[in-house]
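All remarks here apply to the structure that follows.
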Amino acid sequence: MTVEISDSRLTNSLANGCGEILKGVRNGGLLRGLALGDAGDEAAQEWITRVIAQHRPADGVLSEEAADDLSRLKKDRVWIVDPLDGTKEFATGRQDWAVHIALVINGIPEHAAVAMPDLGVTFRSSDARAVTGPLAKKFVVSRNRPPQVASHIAEKMGFETVGIGSAGAKAMHVLLGDFDGYIHSGGQYEWDQAAPVGVAMAAGLHCSRLDGSPIRFNNEDTFIPDLLICRPELADEILEHANAYAEANGSF
């Protein structure tokens, strides 16, 4: 008999469980590099698939590590997950990798968790609170592909940009107050954004596309070109500079 478990608890348990599985795969010490990342992805995805099948068999699932079953488009409830966000960081011993779990209901991430297992913390929409106080005067951006639009906005506002890995890690550092915003351009997928956006929105942060439009999930095309997560009091100014950049350059 399956024990009844709430959506919130299941979301958080999936994030924590994946983190433990991934640490176990890595701590075995027998794999390195790409093989380690692949093994971690596969083990975590297999566990997620079995847990959702047992506890929420009627829900849809969209995952980076599984074939896309488009029957999800007919469902109101869809789990959008990335078992290992930041595979390169995970495989090379860095700490800025994450686990993304989101339950999207009618396009909105209603329950979300971002686990950062090496830091021993899971950020949950059920109790997320953004840090307020003095501005850090910094934006976080992709470590591998820092977008020019972010540099433009930072220059206009007198901020600096800093690159780190994992979309989840970047978003959670905004929540912690280490950065005032996360600016991304160049493309991501729904599994990169659903959980971080869900936690950030629950914490009171602004989340949108760089043109200011809202982000909706569970689309047939899972590609999302850009993202802004920031302190709400900075949103209008950041979006103004972003749109000025787009007008001058033809795109973000």
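For the numbers below, each heavy atom of this structure counts, side chains included, while hydrogens, waters and symmetry mates do not. Residue numbers run from 1 in the order of the sequence given. None of these values were measured; they are calculated from a predicted model.
Atom CG of Leu30 has 12 or fewer heavy atoms from other residues, nucleotides or ligands within 6.0 Å. When the shell of 6.0 Å around NZ of Lys156 is examined, it contains 12 or fewer heavy atoms from other residues, nucleotides or ligands.
The nearest pair of heavy atoms linking Ser126 to Ser8 is CB-OG, 3.4 Å. Nearest heavy-atom pair, Glu89 versus Gly165, reported as atom, atom and distance to 0.1 Å: OE2-CA, 3.6 Å. Considering every non-hydrogen atom in both Ile164 and His173, the closest pair reads CD1-CD2, 3.4 Å. Across all non-hydrogen atoms, the minimal contact from Ala112 to Asn12 is O-OD1, 4.3 Å. A pairwise comparison of heavy atoms in Thr11 and Ala113 identifies CG2-N, 3.8 Å as the closest pair. Closest approach of Thr92 and Lys88 over heavy atoms only: OG1-O, 2.7 Å.
Val141 and Val114 fall into different hydrophobic clusters, where Ile, Leu, Val, Met, Phe, Trp and Tyr residues are linked whenever their side-chain heavy atoms come under 4.5 Å apart, directly or through other members. Put simply, Phe223 and Leu210 are part of two different groups of oily side chains (I, L, V, M, F, W, Y) that touch within less than 4.5 Å, one to the next. No continuous path of ILVMFWY side-chain contacts below 4.5 Å connects Ile108 to Phe123, so the two sit in separate hydrophobic clusters. Connection of Leu10 to Ile80 is not established within any shared hydrophobic cluster, with ILVMFWY side chains joined at heavy-atom distances below 4.5 Å, either directly or through further cluster members. Tyr182 and Phe179 fall within the same hydrophobic cluster, defined by Ile, Leu, Val, Met, Phe, Trp and Tyr side-chain heavy atoms under 4.5 Å apart, directly or through other members.
The backbone N or O of Ala91 sits nowhere less than 3.5 Å from a side-chain atom of Arg94 that would complete a donor-acceptor pair. Checking side-chain atoms of Arg72 against main-chain N and O of Asn219 turns up a donor-acceptor pair under 3.5 Å. In terms of modelled atom types and a separation under 3.5 Å, the side chain of Asp82 and the main chain of Leu84 share a donor-acceptor contact. A donor-acceptor pair under 3.5 Å is absent between the side-chain atoms of Glu220 and the main chain of Leu73, judged by distance alone. Looking at Asp192, its side chain does come within 3.5 Å of a backbone N or O of Tyr189 through a donor-acceptor pair. A distance-only check finds a donor-acceptor pair linking the side chain of Asp85 to the backbone of Ala167 [under 3.5 Å].
Ring orientation note: the planes of Tyr245 and His152 are tilted relative to one another, at an angle of 30° to 60°.
No side-chain heavy atom of Thr87 sits under 4.5 Å from any side-chain heavy atom of Glu64. A 4.5 Å side-chain heavy-atom check between Pro83 and Ser63 finds at least one atom pair inside the cut-off. Between Phe217 and Val197, some side-chain heavy-atom pair lies under the 4.5 Å cut-off. In this structure, His100 and Trp191 have side chains that are not in contact, with every pair of non-hydrogen atoms separated by 4.5 Å or more. Using a 4.5 Å heavy-atom cutoff, the side chains of Leu135 and Glu233 are in contact. Side chains of Met172 and Val174 form no contact here, defined as non-hydrogen atoms less than 4.5 Å apart. Side-chain contact between Met157 and Leu234 is present, with at least one heavy-atom pair separated by less than 4.5 Å. Between Gln95 and Leu119 the shortest side-chain heavy-atom distance falls below 4.5 Å.
Between the OG1 atom in Thr122 and the CG atom in Asn16 there is a gap of 3.5 Å [rounded to 0.5 Å]. The CD1 atom of Ile21 sits 9.5 Å away from atom CD of Glu46, with the distance rounded to the nearest 0.5 Å. A distance of 10.5 Å separates CD of Glu4 from CZ of Arg9, quoted to the nearest 0.5 Å. Between atom CZ of residue Arg209 and atom CG of residue Asp226 there is a gap of 4.0 Å, rounded to the nearest 0.5 Å. Atom CG in Leu36 sits 7.5 Å away from atom CZ in Arg26 (nearest 0.5 Å). Considering CG of Leu228 and OG of Ser185, their distance stands at 11.5 Å, rounded to 0.5 Å.
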Check against side-chain contact (heavy atoms from CB on, under 4.5 Å), Ile215 and Met201: CA-CA 11 Å; Ile215 306 169; Met201 288 176 61; over 6 Å; no

List the steps, then state whether side chain to side chain donor-acceptor pair (under 3.5 Å) holds for Asp96 with Ser166. CA-CA 6 Å; Asp96 50 345; Ser166 171; over 6 Å; no

Hey, mind stepping through Phe252 and Asn243 against side-chain contact (heavy atoms from CB on, under 4.5 Å) and telling me if it holds? CA-CA 8 Å; Phe252 295 115; Asn243 283 294; 3.8 Å; yes

Check the pair Leu14, Val51 against side-chain contact (heavy atoms from CB on, under 4.5 Å), reporting the backbone distance first and the verdict last. CA-CA 8 Å; Leu14 281 166; Val51 171; 3.6 Å; yes

Stepwise side-chain contact (heavy atoms from CB on, under 4.5 Å) test for Lys137 and Phe159: CA-CA 5 Å; Lys137 295 283 187 176; Phe159 286 30; 3.4 Å; yes

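A side-chain hydrogen bond (donor to acceptor under 3.5 Å, both in side chains) with Trp79 is found for exactly one of Thr49, Asn218, Asp59, namely Asp59. With respect to Ile153, the side chain to side chain contact (heavy atoms under 4.5 Å, CB included) criterion is satisfied by exactly one of Glu240, His241, Gln148: His241.
Remark: Asp76 engages no residue in a side chain to side chain donor-acceptor pair (under 3.5 Å) (not counting sequence neighbours).
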